[in-house]
There are 2 protein chains.
Amino acid sequence: MSQNCRFAFAVHVLAVLAKRPDEACSSPWLAQTVNTNPVVIRRLLLDLAHAGFVRTERGPHGGARLRLSPERILLGNVLSSLEGTTLFGMHPRRPLSSCPVGCRIETVLDEVHDRARKALEKELNQITLADVLDRCQKA
Amino acid sequence: MSQNCRFAFAVHVLAVLAKRPDEACSSPWLAQTVNTNPVVIRRLLLDLAHAGFVRTERGPHGGARLRLSPERILLGNVLSSLEGTTLFGMHPRRPLSSCPVGCRIETVLDEVHDRARKALEKELNQITLADVLDRCQKA
DNA sequence: GATTATGTAATACTCCTTGTTACATTAATG
DNA sequence: CATTAATGTAACAAGGAGTATTACATAATC
């Protein structure tokens, strides 16, 4: 799925929000705990808001809040809410089409990728945000 | 797993080798059908040979041959034989350790990653190289 | 209206991955 | 035994995906 860290950031942000149910967290504040830039957080929150996990508010005292209880947030759904996350890369350059394998391998690999992704999300849906919070406590 | 295309290359190469059981295939030849550089293929074959999927021979008429029948080559095992393939990236910069979540999230995410990876390999092990060849025929 | 936040576009930068060159090593063959 | 053709491997170049940054328009609160 890429050396893409959006999923890690998403789980982190959601966990922090779950710990602060009474106040909206601003993107600059969240960016500090994750150690990244506020804009990166905002782009992430857009995906998470679109999927219904969080709500964002503008203006003073604005920021992001969790919309669902941690028990109802499944990591597989979090993953699928994020754009631009593929499991494995395909041929960067088109394979030789005269090769009986090469001319079909991309299609076959797409099917394999779909299957893998579904299995992955199914497994990650066994883990809730509440589970993540538990694990964070038990240091 | 990275925009890493090693898995795609590996499946392609193994499929080509399966189609030519009687002759060893050289890395320049394989590189052509995959459309990459011979050295990339050789590095890949090292991993595949180490896992016992192929055998390589030096000298004239050398190259790579399949050691196992396509039915016995499971894609999950192929994936795990490749080095440098992670499912998702972690925080590129260390999260704030004073954050109760941040100081533990990396460990928790590692556990999640392990679990995800095992589930993925299990699913991919339902697919054999013979299945891939079948799908390539049915154009 | 001033302040503080998000939304978003455009751009810069970094690092991973792939690709390439080069050469030592090994094996077959005439 | 020299020649040829292949792998093994190191070192380096190039490319691109992804992250970070800057800037500014928009919105909401006081």
Side-chain angles (χ1 to χ4, degrees), chain A residues 1-10 12-13 17 20 23-50 53-65 67 82-95, chain B residues 1-10 12-13 17 20 23-50 53-65 67 82-95:
Chain A
M1 176 203 302
S2 242
Q3 216 51 338
N4 184 322
C5 67
R6 298 194 81 213
F7 178 67
F9 281 2
H12 191 165
V13 164
L17 294 182
R20 306 191 147 234
E23 45 188 324
C25 297
S26 73
S27 61
W29 190 86
L30 288 167
Q32 272 203 327
T33 84
V34 176
N35 198 359
T36 183
N37 189 285
V39 177
V40 172
I41 296 293
R42 276 178 240 156
R43 288 196 280 241
L44 191 58
L45 288 172
L46 283 176
D47 280 349
L48 295 175
H50 192 258
F53 296 122
V54 303
R55 176 168 40 106
T56 60
E57 284 159 4
R58 293 181 166 194
H61 304 111
R65 294 167 189 268
R67 285 186 73 179
L82 303 177
E83 292 182 5
T85 53
T86 54
L87 274 182
F88 48 81
M90 299 296 174
H91 296 55
R93 310 175 184 179
R94 267 307 186 55
Chain B
M1 175 198 305
S2 237
Q3 216 49 338
N4 186 320
C5 67
R6 300 193 80 213
F7 178 67
F9 281 2
H12 190 165
V13 164
L17 293 181
R20 305 190 148 234
E23 45 189 325
C25 297
S26 73
S27 62
W29 191 86
L30 287 168
Q32 272 204 326
T33 82
V34 176
N35 198 0
T36 184
N37 190 286
V39 177
V40 172
I41 296 293
R42 275 178 241 158
R43 287 196 281 240
L44 193 59
L45 288 172
L46 284 176
D47 281 347
L48 294 175
H50 193 259
F53 295 122
V54 303
R55 176 168 40 105
T56 60
E57 282 159 6
R58 293 180 166 195
H61 303 111
R65 293 167 190 266
R67 285 187 73 179
L82 303 178
E83 292 181 3
T85 53
T86 54
L87 274 182
F88 49 80
M90 298 296 173
H91 296 56
R93 308 174 185 180
R94 267 305 186 57

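Throughout, a chain's letter reflects where its sequence line sits, starting with A, and its residues are numbered from 1.
- Taking NE2 from A:H12 and CG from A:L17, the interatomic distance works out to 10.0 Å, rounded to the nearest 0.5 Å.
- A pairwise comparison of heavy atoms in A:N35 and B:P95 identifies CB-CA, 4.1 Å as the closest pair.
- Within a heavy-atom distance below 4.0 Å of DNA chain C, the residues of residues 55-65 of chain B found are B:R58, B:G59, B:P60.
- Taking atom CE on A:M90 and atom C1' on D:dA17, their separation rounds to 16 Å, with Å as the unit.
- We find that CZ of A:F7 is positioned 19 Å from C1' of D:dT19, with the value rounded to whole Å.
- Note on B:N4: every side-chain N or O is 4.0 Å or more away from OP1 and OP2 of C:dC16.
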Check against side chain to side chain contact (heavy atoms under 4.5 Å, CB included), A:V54 and A:R65: CA-CA 5 Å; A:V54 303; A:R65 294 167 189 268; over 6 Å; no
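- The distance between atom CG of A:L44 and atom C1' of C:dG7, rounded to the nearest whole Å, is 14 Å.
- The number of heavy-atom neighbours closer than 6.0 Å to CD of B:Q32, taken from other residues, nucleotides and ligands shown, is 12 or below.
- Here B:L87 contributes atom CG and A:N4 contributes atom CG; the two are 12.0 Å apart, rounded to the nearest 0.5 Å.
- The CZ atom of B:R55 sits 15.5 Å away from atom CZ of B:F53, with the distance rounded to the nearest 0.5 Å.
- Atom CG in A:L82 sits roughly 11 Å away from atom P in D:dT19 (whole-Å rounding).
- In this structure, the side chains of B:D47 and B:R6 come closer than 4.5 Å at one or more pairs of heavy atoms.
- Shortest non-hydrogen contact noted between A:P28 and A:P38 is CA-CG, 3.9 Å.
- One interatomic measurement links the two molecules: CD of A:E83 to C1' of D:dA17, which rounds to 16 Å at whole-angstrom precision.
- One interatomic measurement links the two molecules: CD of A:E23 to P of C:dT4, which rounds to 17 Å at whole-angstrom precision.
- Contact check of residues 27-39 of chain B against DNA chain C (heavy atom, cut-off under 4.0 Å) returns B:T36, B:N37, B:V39.
- Comparing D:dT7, C:dG19, D:dA20 by their closest approach to the side chain of B:S26 singles out D:dT7.
- Taking the side chain as every heavy atom from C-beta outward, B:L82 and B:L44 approach each other to under 4.5 Å.
- Within the 4.0 angstrom heavy-atom criterion, no nucleotide atom of any strand lies near B:L45.
- Atoms NE2 (A:H50) and C1' (C:dT6) sit 17 Å apart, rounded to a whole Å.
- Protein atom CZ of A:F88 is 17 Å distant from nucleotide atom P of D:dA17, rounded to whole Å.
- Remark on DNA chain D: of its neighbouring residues A:R42 and B:P92, the 5'-side contact belongs to B:P92, judged by nearest-heavy-atom nucleotide.
- If you check distances only, the side chain of A:R43 never reaches the base of C:dT8 with a donor-acceptor pair under 3.5 Å.
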